[in-house]
Amino acid sequence: MTGSDDLRTEDTGDESAEETKYDLKKDQDSEEDEPAEEPREPRIRETPEDIKLDAIVNTLAFHPKQDIFAAGDIDGDIYVYSYSCTEGESKELWSSGHHLKSCREVAFSHDGQKLFSVSKDKSVHLMDVEGGKLVTRIAKAHSVPINALLLVDENVLATGDDGGTLKVWDMRKGTSFMDLKHHDDYISGIAIDQAKRMLLTSSGDGTMGVFNIKRRRFELLSEFQSGDLTSVAIMKRGKKVVCGSSEGTMYIFNWNGFGATSDRFAVKAESVDCIVPITDSILCAASMDGVIRAINLLPNRVLGCIGQHVGEPIEQIARSRDSRFLASCAHDQMIKFWDISSLRDMTVSDYRKRKKKDGNLKSLSKKAYGGGDDFFSGLMEETEAKKEEDEGDSDSDSD
């Protein structure tokens, strides 16, 4: 009895071992049969991903030939990024901390090899785009902080400061050949005509300045407007000049009729702080209320909303070299991208449609709130949510 039991036990052990081997082989075979998981392809977005920096960004500029942009912040740092619609491919190329105070404006040279910048520290810097090395530094370029910058050509640079002085520089010599003060307040923007002859300035004193760069002389100031003139741009194939203002009004001048406005257009915005021409008739305007509006000139229409930084004043907007994207920076420390490709094909007739009673602002991109006429409802919802979040933070701080 005992011997037979032992034999039966040994047989059972061998059978279970064979079954285990068979199960393992079966599992291996099934694993070999299953196809290996293919790596997931990166998602292609409509616009590049938003970028968050450590400080408020004052200024943006796109490279004229590559998918690169530069940004300057209130700490004096300058960042150069490559951007892409492929998720995860936008990346920082280099950063520079050459400025001692806030970087106010950056601009690429026309060939894209140099980057110019001006700062609250009164200096003008010229850097090599490829490596971010400082090539030229004019330490005491102005006696007060510099606020505005315009690249006239490869070697000529115009700068405007907080005191209302305009300087035009020959960067080969590192000296200015025009040094004129005709504004009583800061110079907010500079523009130049296609012939590189007439240079226009907008100022916080409410006037537009006209300077002849060829003859190196001051021409005239426009009549005073209510509020600061915050920006200036040339539109309508050089026939019109438009200035934004802190009152939310756009002032329009005829070319060679700079003394007085030919038209004015009130935008329902807290201010018009920065304007960028997109076509001969359409521009984008950024405001202190955090909204970027597309505006048609003559006939004067607000076409709709391109995008927004909810409840955060926008410092600057910039257009990409192919006019596909608009980038914006605001007090939320974010750089955001907006699709503006549809603006090139928009036409506005003189016929004025009856306005809807709700008066909502139409969304012109998918990232703008609402995707339709319910822009402000989405804006209000996020503003309320932000307000509740801030209240929650303040409660937790007090605790």
Side-chain angles (χ1 to χ4, degrees), residues 58-62 104-107 147-150 158 160 186-194 199-204 206-209 222 225-255 258 261-309 313-320 323 325-330 336 338 340 343-344 346 348 361 364:
N58 288 326
T59 177
L60 295 168
F62 279 97
R104 297 271 186 87
E105 198 85 39
V106 291
N147 191 58
L149 164 72
L150 176 75
Y186 68 97
I187 293 175
S188 57
I190 310 174
I192 196 164
D193 66 338
Q194 200 167 6
L199 194 137
L200 309 173
T201 55
S202 56
S203 173
T207 66
M208 182 179 72
S222 73
Q225 314 300 333
S226 58
D228 301 7
L229 293 189
T230 56
S231 45
V232 59
I234 300 170
M235 305 283 291
K236 293 289 186 179
R237 297 180 183 177
K239 294 178 181 178
K240 299 285 183 180
V241 178
V242 59
C243 291
S245 78
S246 59
E247 304 293 311
T249 301
M250 311 276 285
Y251 294 100
I252 303 169
F253 298 83
N254 288 327
W255 190 260
F258 301 123
T261 57
S262 63
D263 198 2
R264 61 187 61 193
F265 173 43
V267 181
K268 289 183 179 177
E270 288 181 31
S271 61
V272 179
D273 292 335
C274 182
I275 57 178
V276 172
I278 307 300
T279 68
D280 279 332
S281 300
I282 297 173
L283 58 82
C284 286
S287 175
M288 194 178 286
D289 60 13
V291 180
I292 305 166
R293 294 166 173 83
I295 296 172
N296 189 85
L297 290 184
L298 304 170
N300 300 328
R301 304 273 195 282
V302 176
L303 304 177
C305 171
I306 293 297
Q308 65 290 307
H309 293 254
I314 296 173
E315 285 292 335
Q316 201 171 65
I317 53 177
R319 183 190 66 180
S320 65
S323 294
F325 304 120
L326 190 80
S328 60
C329 57
K336 295 187 176 186
W338 314 97
I340 57 168
L343 294 182
R344 287 172 291 185
M346 290 185 77
V348 180
L361 192 60
L364 298 179

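The structure presented is a predicted model; accordingly, all values stated were derived computationally and were not measured.
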Applying side chain to side chain contact (heavy atoms under 4.5 Å, CB included), run through Ile306 and Arg293 and close with a yes or a no.
CA-CA 6 Å; Ile306 293 297; Arg293 294 166 173 83; over 6 Å; no

Of all heavy-atom pairs between Ile317 and Ser328, which one has the smallest distance, and what is that distance?
CG2-CB, 3.7 Å

Side chains of Ser202 and Ser188: any donor to acceptor distance under 3.5 Å?
yes

Mark yes or no for whether Ser222, through its side chain, and Met208, through its backbone, hold a donor-acceptor pair below 3.5 Å.
yes

Would you compute the distance between atom CH2 of Trp255 and atom NZ of Lys239 and round it to the nearest 0.5 angstrom?
13.5 Å

Is atom CE of Met288 surrounded by more than 12 heavy atoms (other residues, nucleotides or ligands) closer than 6.0 Å?
no

Tell me, do Leu343 and Cys284 make a side-chain contact under 4.5 Å, heavy atoms counted?
yes

Side-chain contact, heavy-atom cut-off 4.5 Å: Met250 with Arg264?
no

Can you find a heavy atom in the side chain of Ile275 that is under 4.5 Å from one in the side chain of Val232?
no

Heavy-atom pair of closest approach, residues Asp273 and Ile314
OD2-O, 4.3 Å

Is there a donor-acceptor pair under 3.5 Å between the side chain of Thr59 and the backbone N or O of Val106?
yes

Just checking, is any N or O donor in the side chain of Lys240 or Asn254 under 3.5 Å from an acceptor N or O on the other one?
yes

When you check the gap from the basic side-chain N to the acidic O, do Lys236 and Asp280 get nearer than 4.0 Å?
no

Consider only side-chain N and O atoms of Tyr186 and Asp228, and report whether a donor and an acceptor are under 3.5 Å apart.
yes

Please report the closest heavy-atom contact between Thr230 and Ser246, naming both atoms and the distance.
CG2-N, 3.8 Å

Identify the heavy atoms of Gln225 and Phe253 that sit nearest to each other, and give their distance.
NE2-CZ, 4.0 Å

Would Met346 and Leu303 count as a side chain to side chain contact (heavy atoms under 4.5 Å, CB included) if you check the C-alpha gap in whole Å, the side-chain angles of each, and the deciding distance to 0.1 Å?
CA-CA 9 Å; Met346 290 185 77; Leu303 304 177; 4.1 Å; yes

For Leu283 and Leu297, which heavy atoms make the closest approach, and how far apart are they?
CD2-CD1, 4.0 Å

Any side-chain donor paired with an acceptor under 3.5 Å for Glu105 and Gln316?
yes

